[in-house]
*Asks:* 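Starting off with a structure, shown below.
Order of appearance sets the numbers: ligands from 1, and atoms from 1 within every ligand. Residues: numbered from 1 along the sequence shown.
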Amino acid sequence: MRNALGMLRFAHAHPGVTRAEAAARLGMSSGSATEIMGRLRAAGLLAEVAAPSGGRGRPTTVLVPHPSGPLVAVVELTHAAWRVTTAAIGGELAPAPPHRHSGAPETVLRDIAAALRALPRDRLAAVAVSVPATVRGTTVVQAATLKWRDVDLSVLGLGLPLTVGNDAALAGVAEALRGAARGHAVALHLTVEVGVGGVVLIDGAPAPGAAEFGHVPFGDPALACPCGAYGCWDVTVDGRAMARSLDRPPPADPRLFADEVLAAARSGAPAAHAAAASAAAALGRGVGALLNALDPAVVTLGGLGADLLKYPSFSEAVRRAAMSWRRAELPPILPAALGSDGPAVGAAESAFAGILEDLVARR
Ligand SMILES: [Zn+2]
């Protein structure tokens with residue numbers, strides 16, 4: 001049982017691994033790896049396909065998810081759209097189109113529940129939800145961009161284990177396990193969409209507690225934030241900040257507006273460039289402050305953050321905010337490797353973490 005769980009976890013964490021390599025890394029003999037794979041195959045969890053030949057080693061196989069194996073249903077909700085997809089062992093997401101939504105919780109949850117019921121129920125082992133919100137248990141406590149307060153998502157559980165997580169925190173989990181922060185003991189991930197969210201990861205797991213980095217007052221103390229506080233970092237790093245720099249009214253969709261400003265900046269418009277560079281500086285100032293506070297070994301930036309990171313004003317602001325001893329040894333600050341799939345990949349990982357043991361024990 002323990003060896004079977006070890007093999008399943010290893011194959012899940014290392015898609016494309018060969019049986020020979022997994023056996024070597026797990027310290028198993030070739031004979032016991034063959035026997036354990038036989039059990040995992042019979043349990044409908046893993047399968048094997050011939051490895052591409054090459055090299056002089058003995059022929060081996062690649063461990064893949066069983067074709068009728070368990071799936072995690074993944075719900076990704078953003079301020080403007082939702083999508084429902086599945087992830088198999090190994091973490092790969094099935095392609096699924098996004099659907100625009102009106103924002104009314106009853107309608108959004110009804111439509112998502114209908115999409116979940118259309119998935120192959122006999123293969124589903126858990127449901128994982130990513131939301132742009134502060135989450136407690138399965139409840140959305142506050143989602144500023146959706147304007148939701150205290151919305152219970154347990155209706156999406158289908159009677160299966162249900163995990164609900166904050167989108168930026170889940171993107172951080174994805175970067176730590178499968179992306180740019182992989183292999184680092186302490187990582188900081190920040191996603192900038194409308195405002196900024198993030199998480200500190202310790203050995204791939206989120207540090208406990210709701211980290212509301214966007215509502216730390218790294219911003220202008222005179223500016224009110226929709227959260228109710230003044231001076232929040234949130235409103236200085238996104239499309240709302242760019243609109244203020246450009247003397248434009250608050251945009252209806254700040255994320256879309258930011259993309260338009262970045263495109264205009266790329267085509268050489270000086271005012272757009274100045275607005276983007278100013279948001280990049282505000283982002284860098286806060287990142288520098290968080291380096292002082294948290295001392296991560298790597299920082300990953302997703303969403304708009306991956307674009308703002310390229311502006312010289314970003315790195316200049318990081319350096320100015322960092323304590324002088326730290327400037328000589330700043331950690332790498334990298335664009336998120338998983339891009340817009342980060343929250344969904346992280347949601348699937350959070351669910352798999354809770355069910356792999358049970359899947360082996362049950363079958
Ligand atoms: Zn705030």
*Asks:* Under 4.0 Å between a Lys/Arg side-chain N and an Asp/Glu carboxylate O for Arg110 and Glu106?
*Replies:*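 Judged by the 4.0 Å cut-off on N to carboxylate O distance, Arg110 and Glu106 do not form a salt bridge.
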
*Asks:* Suppose we screen for salt bridge (Lys or Arg N to Asp or Glu O under 4.0 Å). Which residues come up paired with Glu21, at least two apart in sequence or across chains?
*Replies:* none

*Asks:* The criterion is salt bridge (Lys or Arg N to Asp or Glu O under 4.0 Å); which residues satisfy it with Asp220, sequence neighbours excluded?
*Replies:* none

*Asks:* Parallel, tilted or perpendicular: which describes the rings of Phe218 and Trp233, with under 30° parallel and over 60° perpendicular?
*Replies:* perpendicular

*Asks:* Quick one, Tyr311 with His273, criterion side chain to side chain contact (heavy atoms under 4.5 Å, CB included). Give me CA distance, side-chain angles, the key distance, then yes/no.
*Replies:* CA-CA 9 Å; Tyr311 281 77; His273 185 273; 3.7 Å; yes

*Asks:* With a cut-off of 2.8 Å, how many protein N, O or S atoms neighbour the Zn ion (ligand 1)?
*Replies:*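 Under the 2.8 Å cut-off, the count stands at 4.
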
*Asks:* Which pairs count as salt bridge (charged side-chain N to carboxylate O under 4.0 Å, His left out) when at least one residue sits in residues 332-348, sequence neighbours excluded?
*Replies:* Arg83-Asp341

